[in-house]
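Presented below is the structure to which this report refers.
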Amino acid sequence: RSSSAVLQHLTALLECSVAAVVTLLLSDPVGSLHIRSCRVKKLSDWYTMLYNPSPDYVTTVHCTHEAVYPLYTIVFIYYAFCLVLMMLLRPLLVKKIACGLGRSDRFKSIYAALYFFPILTVLQAVGGGLLYYAFPYIILVLSLVTLAVYMSASEVEVFKDLLVRKKRLVVLFSHWLLHAYGIISISKLDKLEQDLPLLALVPAPALFYLMTAKYTEPSRILSEGGNGH
């Protein structure tokens with residue numbers, strides 16, 4: 001049910017937010033939401049294990065350290081806290097809303113997280129540096145693709161279709177927040193007078209989809225193709 005889904009989304013948001021705050025508070029300097037980290041100069045700073053010296057090309061000296069400390073390990077700590085908080089809070093929520101869910105659906109969100117956390121951990125371990133540089137662009141691309149897929153699957157063709165259900169508006173505003181976050185991450189708002197107007201582009205993908213959806217409707221294309229023959 002939609003109410004059960006909303007509760008689980010809110011709980012997941014609470015878990016992730018608390019995990020992020022606790023992770024920051026435990027990082028150096030302890031008790032502060034700031035991070036004291038080494039400056040990242042190039043991509044290879046994230047993969048120091050590739051630069052272990054081999055004197056006389058005989059023995060490899062394993063002196064790897066985290067050159068970008070704590071930007072690499074802090075993500076693993078965050079995932080660990082997310083997992084702990086999920087195991088503490090989510091079962092209580094599932095028990096509370098069990099009457100609105102089938103027996104097989106009650107723990108699907110927990111099972112999904114138990115699959116995704118290892119995947120995310122491996123991605124961070126292997127591609128931490130790439131994610132550090134590319135995550136704003138990844139966010140923009142994924143939000144564009146998922147917005148188009150959602151609106152297509154929901155058969156949204158005009159703005160009125162968005163107003164029919166509140167859920168659609170929530171999804172739309174969520175994607176707009178992702179767009180704004182991606183734009184801010186790319187621009188870093190170094191020059192406010194130049195970067196802030198870029199936020200006006202946030203609704204552009206949704207508006208473009210609504211204006212062009214009627215021209216790409218499959219049944220219309222098929223009917224026009226049939227008439228042409």
Side-chain angles (χ1 to χ4, degrees), residues 1-17 20 75 79 82 101 105 108-124 126-189 194-229:
R1 296 181 180 179
S2 58
S3 59
S4 301
V6 170
L7 281 174
Q8 293 193 65
H9 278 90
L10 292 177
T11 304
L13 178 62
L14 175 64
E15 294 164 4
C16 294
S17 301
V75 178
Y79 287 154
C82 283
L101 296 171
D105 296 329
K108 278 187 176 180
S109 63
I110 297 177
Y111 294 150
L114 292 177
Y115 278 107
F116 274 104
F117 276 125
I119 294 174
L120 293 173
T121 301
V122 172
L123 286 176
Q124 171 65 12
V126 176
L130 297 174
L131 293 173
Y132 176 81
Y133 284 103
F135 85 92
Y137 306 98
I138 295 174
I139 288 175
L140 283 179
V141 172
L142 287 180
S143 60
L144 284 172
V145 172
T146 53
L147 178 62
V149 170
Y150 176 78
M151 296 182 76
S152 176
S154 301
E155 298 182 351
V156 176
E157 295 184 0
V158 293
F159 188 74
K160 187 189 298 185
D161 295 336
L162 291 172
L163 302 177
V164 175
R165 296 182 182 178
K166 294 180 180 179
K167 179 182 177 181
R168 293 178 178 177
L169 286 177
V170 171
V171 173
L172 179 64
F173 288 133
S174 300
H175 280 85
W176 283 0
L177 286 175
L178 283 177
H179 288 316
Y181 184 72
I183 293 173
I184 291 172
S185 299
I186 293 173
S187 64
K188 299 180 182 178
L189 296 181
Q194 295 181 9
D195 298 336
L196 282 181
L198 291 175
L199 296 178
L201 297 174
V202 168
L207 295 176
F208 178 79
Y209 180 91
L210 293 175
M211 289 188 296
T212 58
K214 58 183 178 180
Y215 300 112
T216 58
E217 214 284 322
S219 61
R220 175 175 178 173
I221 295 175
L222 292 175
S223 63
E224 290 181 353
N227 294 333
H229 288 298

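All values below were derived from every heavy atom in this structure, side-chain atoms included, with hydrogens, water molecules and symmetry-related copies excluded.
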Check your understanding: Is there side-chain contact between His179 and Leu144, with at least one heavy-atom pair below 4.5 Å?
Key -> yes
Study note, to complete from the structure: Rounded to the nearest 0.5 Å, the CD atom of Gln8 sits from the CG atom of Leu13 at a distance of 13.5 Å
Study note, to complete from the structure: Heavy-atom closest pair (Gly182 atom, Pro136 atom, distance to 0.1 Å) is O-CB, 3.9 Å
Exercise for review: Starting at CG of Leu177, measure out to CD1 of Ile139 and round the result to the nearest 0.5 Å.
Suggested key: 11.5 Å
Review point. Does the side chain of Ile186 reach to within under 4.5 Å of the side chain of Leu140, using non-hydrogen atoms?
Key: yes
Review point. Can you tell me if OH on Tyr181 sees more than 12 non-hydrogen neighbours from other groups inside 6.0 Å?
Key: no
Point to revise | Heavy-atom side-chain proximity of Leu198 to Ile184 below 4.5 angstrom | key: no
Practice item. Specify whether Phe173 and Trp176 have parallel, tilted or perpendicular ring planes, treating 30° as the upper limit for parallel and 60° as the lower limit for perpendicular. Key: perpendicular
Check your understanding: How far does OH of Tyr150 sit from NE2 of His175, to the nearest 0.5 angstrom?
Key -> 9.0 Å
Study note, to complete from the structure: Output for pair (Ile119 CD1, Phe116 CZ), nearest 0.5 Å, gives 6.0 Å
Check your understanding: Where is the tightest heavy-atom contact between Ala113 and Pro118, given as atom of each residue plus distance?
Key -> O-CD, 4.3 Å
**Study point:** Short side-chain to backbone donor-acceptor contact, Ser152 and Ala148, under 3.5 Å
**Key:** no
Review point. How many angstroms lie between CD1 in Ile183 and CG in Leu196, if you round to the nearest 0.5 Å?
Key: 11.0 Å
Practice item. Quick one: closest heavy-atom pair of Leu172 and Ala206, and the distance? Key: CD1-CB, 3.8 Å
**Study point:** Enclosure of Phe208 CZ (heavy-atom neighbours >12, cutoff 6.0 Å)
**Key:** no
